[in-house]
Engineer: 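This structure is in structure tokens; I'll ask about it shortly.
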Amino acid sequence: DDIMQQFLARLKKTPAGEGIVFHQVLPAQPPRWGTLSFPLPEVLTEALRQKGLPRFYSHQVEALEASARGDQVIIATPTASGKTLAYNLPVLSTLLDSSSARALYLFPTKALAQDQLTVLAKLLVAARKGFARSAGHWTAIADLLARCARDGQVQHLVAASELCRA
């Protein structure tokens with residue numbers, strides 16, 4: 001906390017820091033868990049278990065339930081708080097339910113797109129059994145997505161989405 005206070009004191013003395021009018025350090029809080037009122041497709045539940053994610057944060061439950069109702073959802077939480085699952089799970093559920101469904105992800109930066117593509121690829125590998133393609137096919141798709149993310153070729157996501165359909 002002392003390092004943060006020193007940093008803020010120095011920052012406030014710069015032109016960039018002139019706009020800082022309030023600062024507060026919030027104490028850490030224990031996680032708040034929630035329970036979905038509906039079941040996810042079993043393949044996604046199993047994929048989450050495989051990844052060591054057996055339950056949801058309360059904000060994830062709120063977002064997933066709003067999405068299931070067809071509501072518009074905005075998630076504004078800190079880094080590494082589970083936003084990715086809150087939007088990937090409804091997309092993957094829809095893809096499992098409808099052979100004509102498609103998804104397009106848009107990210108504001110290449111770095112974020114690369115990070116999210118890697119996360120999605122890992123989730124697809126864990127969930128591949130629920131889709132009509134073979135395990136080898138899903139591993140190849142996940143590898144393609146991860147390679148595109150690593151190489152900064154995120155435009156391949158659109159082409160890869162067509163390959164992902166059963």
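Sequence positions, counted from 1, serve as the residue numbers for this chain. Note: hydrogens, waters and symmetry copies are ignored here, and every other heavy atom, side chains too, is used.
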Engineer: Looking at residues at least two apart in the chain, or sitting in another chain, which of them share a salt bridge (Lys or Arg N to Asp or Glu O under 4.0 Å) with Arg69?
Structural biologist: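 Residues passing salt bridge (Lys or Arg N to Asp or Glu O under 4.0 Å) with Arg69: Asp71.
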
Engineer: Through direct or indirect side-chain contacts below 4.5 angstrom among Ile, Leu, Val, Met, Phe, Trp and Tyr, which residues connect to Val73?
Structural biologist: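 Its cluster mates, by chain and number, are Ile75.
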
Engineer: Please output the side-chain donor-acceptor pairs of residues 35-44 that fall under 3.5 Å, not counting sequence neighbours, one pair per line with the distance.
Structural biologist:
unit_1	atom_1	unit_2	atom_2	d
Ser37	OG	Glu65	OE1	3.4
Ser37	OG	Glu65	OE2	2.9

Engineer: Under the side chain to side chain contact (heavy atoms under 4.5 Å, CB included) test, which residues partner Pro31, sequence neighbours left out?
Structural biologist: Trp33, Tyr57

Engineer: Report the residues that fulfil side chain to side chain contact (heavy atoms under 4.5 Å, CB included) with Thr14, sequence neighbours left out, ordered by chain and then residue number.
Structural biologist: Leu11, Ala16

Engineer: Could you check if a side-chain atom of Tyr87 sits within less than 4.5 angstrom of a side-chain atom of Gln60, using non-hydrogen atoms only?
Structural biologist: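 No - every pair of side-chain heavy atoms lies 4.5 Å or more apart.
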
Engineer: Cluster question for you: counting only ILVMFWY and a side-chain heavy-atom cut-off of under 4.5 Å, with indirect links fine, are Val91 and Leu120 together?
Structural biologist: yes

Engineer: Could I get the full list of side chain to side chain contact (heavy atoms under 4.5 Å, CB included) partners for Leu53, not counting sequence neighbours?
Structural biologist: Leu48, Lys51, Leu85

Engineer: Within a 6.0 Å radius of atom CD on Gln72, are there more than 12 heavy atoms belonging to other residues, nucleotides or ligands?
Structural biologist: no

Engineer: Quick check: does any side chain N or O of Lys13 sit under 3.5 Å from a backbone N or O of Leu8, one acting as donor and the other as acceptor?
Structural biologist: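 Flag not set: sc Lys13 to bb Leu8 has no pair under 3.5 Å.
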
Engineer: I'd like to know if the side chain of His59 and the backbone of Ser81 have a donor-acceptor N/O pair within less than 3.5 Å.
Structural biologist: yes

Engineer: Using atom types as modelled and distance alone, determine if a side-chain donor or acceptor of Lys83 lies under 3.5 Å from a backbone N or O of Thr77.
Structural biologist: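 Checked: pair present.
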
Engineer: Using a 3.5 Å distance criterion without hydrogens, assess whether the side chain of Ser93 forms a donor-acceptor pair with backbone atoms of Leu89.
Structural biologist: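 Yes; at least one donor-acceptor contact below 3.5 Å.
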
